[in-house]
Amino acid sequence: MNTRRQFLIAAPFGALAATMACRGDRQTGSSPGAPPTAGAPPTFGSGPVSGPPVSASTFEEAEKLARVTMTASERQMAAASWARTMAPLVERRTGPRTISIDTSVAPAARWNPLLDPGSAGPAHNRFVRSASESLALPASDADIAFSPLTRLSRWIEQKAITSERLTNIYLTRIEQFDSRLRAVITLTREVALAQAKRADSEIASGRYRGPLHGIPYGLKDLLDTAGIPTTYGAEPFRNRVPDRDAAVVRRLTDAGAVLLAKLSLGALALNDIWFGGQTMNPWLLEEGASGSSAGPGAATAAALVAFAIGSETGGSIVSPSMRCGVTGLRPAFGRVARTGAMTLCWSLDKLGPMTRTVEDAMLVLSAISGPDAGDVSSVPSDLDYDATASAAGLRVGYFPAWMKENPATDVDRAALETARKVGMVPVEVQLPDWPYNSLMPVLFSEAAASFEQLTLSGGLNALHAQVPDAWPNLFRQARFLSAVDFVQADRFRRQVAMEMVRVFSQVDVLLVPSLRDEMLTISNFTGHPSLTVRTGFVEVSEARSDWAPDPKNPLPKFSPPRRVPHGVTIIGKLFDEGTVARVGMALERAAAVSHERPAGF
């Protein structure tokens, strides 16, 4: 079951558990509101009255959420003292000195995934591309558009095609096909053509910037672009126009890439429905593209762009990459600066490439990596990648039970056998049987804090999706999460991270079913990089959805079943994306399916 759905069913809420923390702390001899005695320290419960009135019955009802039990006298004490002990602590929101905290201000506590000094990744930078192929430029515009970035970049470097022509090919494809997909929120035609002409001029004069020079791409529409709307896919922000570029956008511009479009995301980065509708899967137009990087997944799969930038907090690169059959690289937390990106969760958000091949993803990662002063969690990190290196001898960890049950398929099991055949060493690994969804209070608390003003102002009511598993309901519910449960979840996070250190002492990578809920949760919270690679196809008899089942709107069924892409996910050591890519390239070559296209595009 999807993590976001499980939250609705099982996540523990508790708005008022902290009310117990201070009972009995009032010092003898003081009384609420009395003038302080000279030399006496400050006390709890002696401040001004604040907040709405509460009663013993308020606490009796709140106990159901907090999962604590008080006696009648304890409830009475809590109710009588709440207005002086706890209510004043949220003065910044409801008191006389209210203050608005911009989402660019990160929490003082920062998540650092590096618990083990030995897990800091490679000690030096190295980037070795695959050898240049002697392939003639295809005669068909569609064949050009579907070519991997590795080839497109060589053709531009060799002046076999101009950036302007390539940009016009993709612009034409957007006009022709996006009405079926709804992947584009804002088309940046004039910007793209100007950037393409500048790229051609620079290349003609001998100033070649590198593999992304002149390559048209798309951005998930939560990355700021100066003078161009950045809408977060959400109605309240559809007219938002930032005045500066995000750090990743600046790096792509410096690399000479050409911005074609701002691509769709589920509203405020959840699932695949935005204010323009639902973004659809090019391989199966009856189902959504999955989210929240729905636009980057669909646009890359249908060759509306050469590559795209997505983001992930809890599966938003992995899931649409699986659904749309593209390569999705979620970098280690901290490798790519998020300055100028919408904040959903300060300690979880990551930005990464969505491409047609593994090497394409590494070319993009190389261009966007690096810290920025605007993101306190971004860190300097080396990238060691060699496209010519063999994966033979690498230890590939796998969870035996996971490979035998849903959501694993024959494609997942075949990928593990392929790893063995090409010389990698499969190693059985285990993790404790812990309630990993107990980490989720961190995500929901941070997300609700990021969009607190939208929640309190009623702005959430403008969002299209108003179902139990959409943000409006989740943000409101998260107001009742216990602060104690948040701290305990944070401590549990460190304990889980320590288990991942142990596992990676035994293996070089993990090979897992892409949508295995435990690993989606664990690896996002611990910050480990992941690579999702198409390695085969499966047949489905029913459309798939990110959304909780709705009996009133059943999903389409297919007879005979439909053939759709499927891939596995490789989890790597912290900041060791190069090794992850070596494994991914070996599986990609052996599977030999990355060239297949969705019909009709």
Side-chain angles (χ1 to χ4, degrees), residues 137 141-142 144-147 149 151-178 183-231 238-264 276 295-296 299-300 302-310 339-341 351 353-355 360 363-364 366-368 372:
L137 187 73
D141 283 356
I144 294 172
F146 274 101
S147 295
L149 168 58
R151 290 181 188 167
L152 294 174
S153 65
R154 295 295 192 190
W155 287 329
I156 284 184
E157 181 183 11
Q158 297 160 3
K159 302 183 178 67
I161 189 173
T162 65
S163 176
E164 186 174 6
R165 181 186 170 198
L166 185 59
T167 298
N168 275 310
I169 287 174
Y170 284 120
L171 287 170
T172 298
R173 291 183 62 79
I174 290 172
E175 291 175 356
Q176 184 177 2
F177 296 118
D178 187 58
V184 174
I185 294 182
T186 302
L187 186 66
T188 56
R189 176 187 297 274
E190 291 74 17
V191 170
L193 290 172
Q195 289 180 339
K197 290 176 181 177
R198 182 166 60 250
D200 288 335
S201 176
E202 289 176 345
I203 293 167
S205 66
R207 189 190 170 198
Y208 181 64
R209 300 190 187 205
L212 301 190
H213 204 174
I215 302 294
Y217 75 100
L219 281 172
K220 185 174 181 178
D221 199 28
L222 51 57
L223 283 154
D224 281 354
T225 40
I228 300 169
T230 301
T231 70
R238 64 189 304 171
N239 296 317
R240 179 180 175 274
V241 180
D243 59 6
R244 64 182 65 185
D245 287 335
V248 161
V249 178
R250 293 197 303 270
R251 287 170 184 164
L252 290 170
T253 300
D254 290 344
V258 173
L259 177 60
L260 274 176
K262 304 296 294 295
L263 302 173
S264 65
T300 303
L304 306 189
V305 294
F307 72 89
I309 302 296
T339 309
L351 303 172
M354 299 174 72
T355 61
D360 289 2
L363 290 173
V364 178
S366 179
I368 64 176
D372 183 85

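When atom types are taken as modelled, the side chain of N168 and the backbone of E164 share a donor-acceptor pair closer than 3.5 angstrom. Proximity of a side-chain donor or acceptor of S205 to a complementary backbone N or O of S201 within less than 3.5 Å is detected. Checked by atom type and distance alone, the side chain of D221 pairs as donor or acceptor with a backbone atom of T231 at under 3.5 Å. For D200 (side chain) and S163 (main-chain N/O), a donor-acceptor pair under 3.5 Å exists by modelled atom type. A distance-only check finds a donor-acceptor pair linking the side chain of Q195 to the backbone of L259 [under 3.5 Å]. Here the side chain of K262 pairs no donor or acceptor atom with the backbone of I228 at under 3.5 angstrom. Judged purely by atom type and a 3.5 angstrom limit, R240 has no side-chain atom pairing as donor or acceptor with the backbone of P229.
Across all their heavy atoms, L166 and G214 have their closest contact at CD2-O, 4.3 Å. Between L137 and R165, the shortest heavy-atom contact is CD2-NH1, 3.6 Å. Taking every heavy atom of both residues into account, A199 and G256 meet most closely at CB-O, 4.4 Å. When all heavy atoms of P353 and I309 are compared, the closest pair comes out as CA-CD1, 4.3 Å. The shortest non-hydrogen separation linking M354 to P296 is SD-CB, 3.6 Å. Among all heavy-atom pairs drawn from A145 and Y170, the shortest one is O-OH, 2.7 Å.
The CZ atom of F146 sits 4.5 Å away from atom CZ of R173, with the distance rounded to the nearest 0.5 Å. The CG atom of L152 sits 8.0 Å away from atom CG of D360, with the distance rounded to the nearest 0.5 Å. To the nearest 0.5 Å, atom CZ of residue R250 and atom CD1 of residue I368 are 13.0 Å apart. Going from atom CZ of R207 over to atom NE2 of H213 covers 7.0 Å, rounded to the nearest 0.5 Å. Between T339 atom OG1 and D224 atom CG the span is 10.5 Å, to the nearest 0.5 Å. Atom CD of E157 and atom CZ of R154 lie 5.5 Å apart (nearest 0.5 Å).
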Item to complete: List the steps and the verdict of side chain to side chain contact (heavy atoms under 4.5 Å, CB included) for L171 and L187.
Response: CA-CA 9 Å; L171 287 170; L187 186 66; 3.9 Å; yes

Discussion item. Using side chain to side chain contact (heavy atoms under 4.5 Å, CB included), reason through T186 and T225 one step at a time and then give a plain yes or no.
Written reply: CA-CA 11 Å; T186 302; T225 40; over 6 Å; no

Practice prompt. Begin from the C-alpha positions of I185 and L263 and carry the test side chain to side chain contact (heavy atoms under 4.5 Å, CB included) through to its verdict.
Written response: CA-CA 5 Å; I185 294 182; L263 302 173; over 6 Å; no

Practice prompt. Take D141 and T172 through the test side chain to side chain contact (heavy atoms under 4.5 Å, CB included) and record every step on the way to the result.
Written response: CA-CA 10 Å; D141 283 356; T172 298; over 6 Å; no

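Between T300 and V305 there is a side-chain heavy-atom pair separated by less than 4.5 Å. Within the 4.5 Å cutoff, no side-chain heavy atoms of P211 are placed close to those of L149. Considering only heavy atoms from C-beta on, L252 comes within 4.5 Å of L212 through its side chain. I215 places none of its side-chain heavy atoms less than 4.5 Å from the side chain of V258. Considering only heavy atoms from C-beta on, T230 stays 4.5 Å or farther from L223 through its side chain.
Classification of R251 and D245 as a salt-bridged pair fails, no side-chain N sitting under 4.0 Å from a carboxylate O.
Shown here are the ring pair (Phe, Tyr, Trp, His ring centres under 6.0 Å) partners of F307, two or more places apart in sequence or in another chain: Y217. Considering only residues two or more places apart in sequence or on other chains, T188 meets the side-chain hydrogen bond (donor to acceptor under 3.5 Å, both in side chains) condition with none of them. The ring pair (Phe, Tyr, Trp, His ring centres under 6.0 Å) check on F177 picks up F601, with sequence neighbours excluded.
Environment of CZ in R244: sparse, with no more than 12 heavy atoms of neighbouring residues, nucleotides or ligands closer than 6.0 Å.
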